[in-house]
Amino acid sequence: MKKSAIVCRCEDITEEEVLKAIEEGYTDLEELRKKLRIGMGPCQGRVCVQIVIKILEKKTGKKVSKISIPTSRPPIIPVPLGTLASDKDEK
Amino acid sequence: MKSKTDVVIIGGGVTGCSLAYMLAKKGIDVVVAEKNYLSSGATGACGAGIRQQWSTKENTELAIKSIKIFESLSTKLGQDIELRQGGYLIAVHDAKEMRQAEKNVNMQRSLGLKVDILDSDEINDVVPVLDVKGMAAVGATFCPTDGHANPFKTTFAYANAARKKGAEIYTHTKVTDIKTINKKISAVKTGKGIIKTNTVVNAAGVWSKKIAEMVDIKLPNVPFRKEILATERLKPMFEAMVISFKDGIYFSQQEEGHIVGGIPIPREKKGYKTMPTFSFIQHMSKTLTRYVPQLKHINMLRHWTGFYDVTPDARPILGEIKELKGFIQCNGFSGHGFMLSPIVSQILSDFITDGKTSKILESLNVNRFKGKKIDHEMYVVG
């Protein structure tokens, strides 16, 4: 993978940026996520988190435990506020 | 893991990390024990706001000092904490609220704070996107130096700076017991080993109550579940944080462009559960689109839960427990821990290093709840 390859499409984060953050000491998946906002965009991590885990494991030589995989927040897909605010049922 | 240290801080939220930095800077040997990862509790879930408009004098004074520290923090810590001072606009909905607002503004001004009282037709000069009729506002108060910062980056910046000064921060390290000898702290037992120490700071947020129970101290704190949502990124629309005590809503546009905000859950829940509710989303989206109708077409991206560690007067519990030497409280922030963290860590580090106490520290001791009339902070939102 090229260093300039985009790892997180929602937030435009490259592999290089992930590696740099790991070198700075952000070796916890959650801390890495909160520093770079990986998994906080519309995809909620479906695109990026698995790739970031691979990069993290390769760089640190440690396995990332399944328990530490970030929680997906509702809703599963983005929903307009107007829809959520509406009381009207679809006829 | 170290076997001995001067101070053990329990909790790697913004306050724990900032206190670690302040102590390490003064040459104190300090350890932080965090059961999860840094900012994993209330810090990482919070609404990021920093305000000075309060109803009690003590909170206003603390917040004014806190903002002063925030203003130079990025430079001091060598990392951008993304402080943006776009002000806080507090909506006022009726004559009674206006009287309270005027009283508060007078008190705030007497402390040197610049706060304006706005008529309803001046609200859009500050936040153009607001529908003043929809939000049913008769006016507002506005403090231009209030704002918000990035809670993750602030916590990490404090932690990194603390480590550079020699502090040791252990994440995924749960405190399982606190040992005492002759009513003095003697050691902290963690999942990764025992550390001998004479001073423990209980900065564990909503879990502080459980930490105190380890040494048979009962804290009056109650955990309240709170919810927040974030929209997709938008172009800069407004700079101020907008809040209303009547509707309980608060929202702002963050540096990255998301609108982030919360409102009390219709059926407010106590306890430690973190499941988000649909009733919150409905209530929040209804109120938010009433305040800013054009947001109807904007997507909500995420929705999460956090906690307020609430005390009977909605003010923090700080300082040493009389019955147990070396057991220092730093909790009960009632939803305002992030914004108060810089000043609180300064006050506590002065106390821990030099035994220096102050009127404000005395007034925030847990003793205040024993049989005295308490001065309740009324300006609580979310």
Side-chain angles (χ1 to χ4, degrees), chain A residues 8-13 17-18 20-49 52-53 56 60 62-89, chain B residues 12 34 36-40 43-45 79 150-153 155-157 159-160 163-164 169 171-172 227-233 254-256 258-261 274-278 280-305:
Chain A
C8 164
R9 291 183 208 162
C10 303
E11 301 283 332
D12 268 355
I13 303 293
E17 286 171 283
V18 176
K20 190 169 165 273
I22 297 170
E23 276 162 21
E24 283 171 22
Y26 297 89
T27 53
D28 188 302
L29 183 61
E30 281 279 9
E31 289 178 15
L32 197 56
R33 168 175 171 261
K34 292 194 160 163
K35 169 155 173 78
L36 297 174
R37 307 193 60 85
I38 285 168
M40 291 191 184
C43 93
Q44 292 245 33
R46 282 187 287 269
V47 176
C48 53
V49 165
V52 173
I53 290 174
L56 188 59
T60 61
K62 282 187 207 157
K63 208 99 186 105
V64 173
S65 91
K66 272 193 181 138
I67 309 161
S68 65
I69 291 171
T71 329
S72 287
R73 310 291 191 189
I76 292 169
I77 53 161
V79 183
L81 287 170
T83 306
L84 294 165
S86 171
D87 285 326
K88 286 179 202 132
D89 286 335
Chain B
E34 161 57 48
N36 209 334
Y37 57 92
L38 297 183
S39 81
S40 54
T43 297
Q79 269 180 266
N150 183 317
F152 311 134
K153 291 193 176 165
T155 308
F156 297 155
N160 292 339
R163 286 187 187 111
K164 270 189 201 150
I169 298 176
T171 57
H172 303 284
E227 298 183 37
I228 301 191
L229 62 74
T231 69
E232 60 192 316
R233 285 181 188 234
Q254 303 288 304
E255 175 65 8
E256 296 88 1
H258 315 87
I259 291 172
V260 172
T274 56
M275 200 178 71
T277 62
F278 193 69
F280 163 80
I281 302 182
Q282 269 188 321
H283 187 39
M284 180 64 189
S285 49
K286 271 183 191 170
T287 315
L288 184 57
T289 53
R290 178 156 67 77
Y291 275 60
V292 189
Q294 68 195 81
L295 292 181
K296 273 181 191 156
H297 311 289
I298 298 307
N299 284 315
M300 165 195 154
L301 281 196
R302 298 180 300 127
H303 160 212
W304 66 94
T305 315

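Just so we're clear, the structure is a prediction, and the values are computed from it rather than from any experiment. Proteins get letters first, then strands, A, B, ... in listed order; numbering begins at 1 in each.
Heavy atoms closer than 4.5 Å to chain B are found in both the backbone and the side chain of A:Glu31. Looking at B:His172, the atoms closer than 4.5 Å to chain A (heavy atoms on both sides) all sit in the side chain, from C-beta outward. Heavy atoms closer than 4.5 Å to chain A are found in both the backbone and the side chain of B:Ser39. Residue contact with chain A, scored on non-hydrogen atoms closer than 4.5 Å, involves the side chain of B:Thr171 exclusively. Residue B:Thr231 touches chain A through its side chain alone, counting heavy-atom pairs closer than 4.5 Å. Residue B:Glu232: no heavy atom, backbone or side chain, is found under 4.5 Å from chain A.
A side-chain donor-acceptor contact under 3.5 Å links B:Gln79 and B:Asn160.
Of all heavy-atom pairs spanning A:Leu84 and B:Phe278, the tightest one is CD2-CE1, 4.2 Å.
A side-chain donor-acceptor contact under 3.5 Å links A:Gln44 to the backbone of A:Arg73. One N or O on the side chain of B:Asn150 and one on the backbone of B:Phe152 form a donor-acceptor pair closer than 3.5 Å.
When the shell of 6.0 Å around CZ of A:Arg46 is examined, it contains more than 12 heavy atoms from other residues, nucleotides or ligands.
A salt bridge does not link A:Lys20 with A:Glu23: every distance from a Lys NZ or Arg NE/NH1/NH2 to an Asp or Glu carboxylate oxygen is 4.0 Å or more.
For the options A:Thr83, A:Ile76, A:Leu81, heavy-atom pairs under 4.5 Å to chain B are most numerous at A:Leu81. Ranked by non-hydrogen atom pairs under 4.5 Å with chain A, the options B:Arg163, B:His283, B:His258 are led by B:His258. The residue among A:Gly82, A:Ala85, A:Gly41, A:Gly25 with the most heavy atom pairs within less than 4.5 Å of chain B is A:Ala85. Counting heavy-atom pairs closer than 4.5 Å to chain B, the top residue among A:Glu11, A:Lys35, A:Glu24 is A:Glu11. Per-residue heavy-atom pair counts under 4.5 Å with chain A were compared for B:Arg302, B:Lys296, B:Lys286, and the maximum is reached by B:Arg302.
No side-chain heavy atom of A:Cys8 sits under 4.5 Å from any side-chain heavy atom of A:Leu36.
Rounding to the nearest 0.5 Å places OH of B:Tyr37 at 14.0 Å from OH of A:Tyr26.
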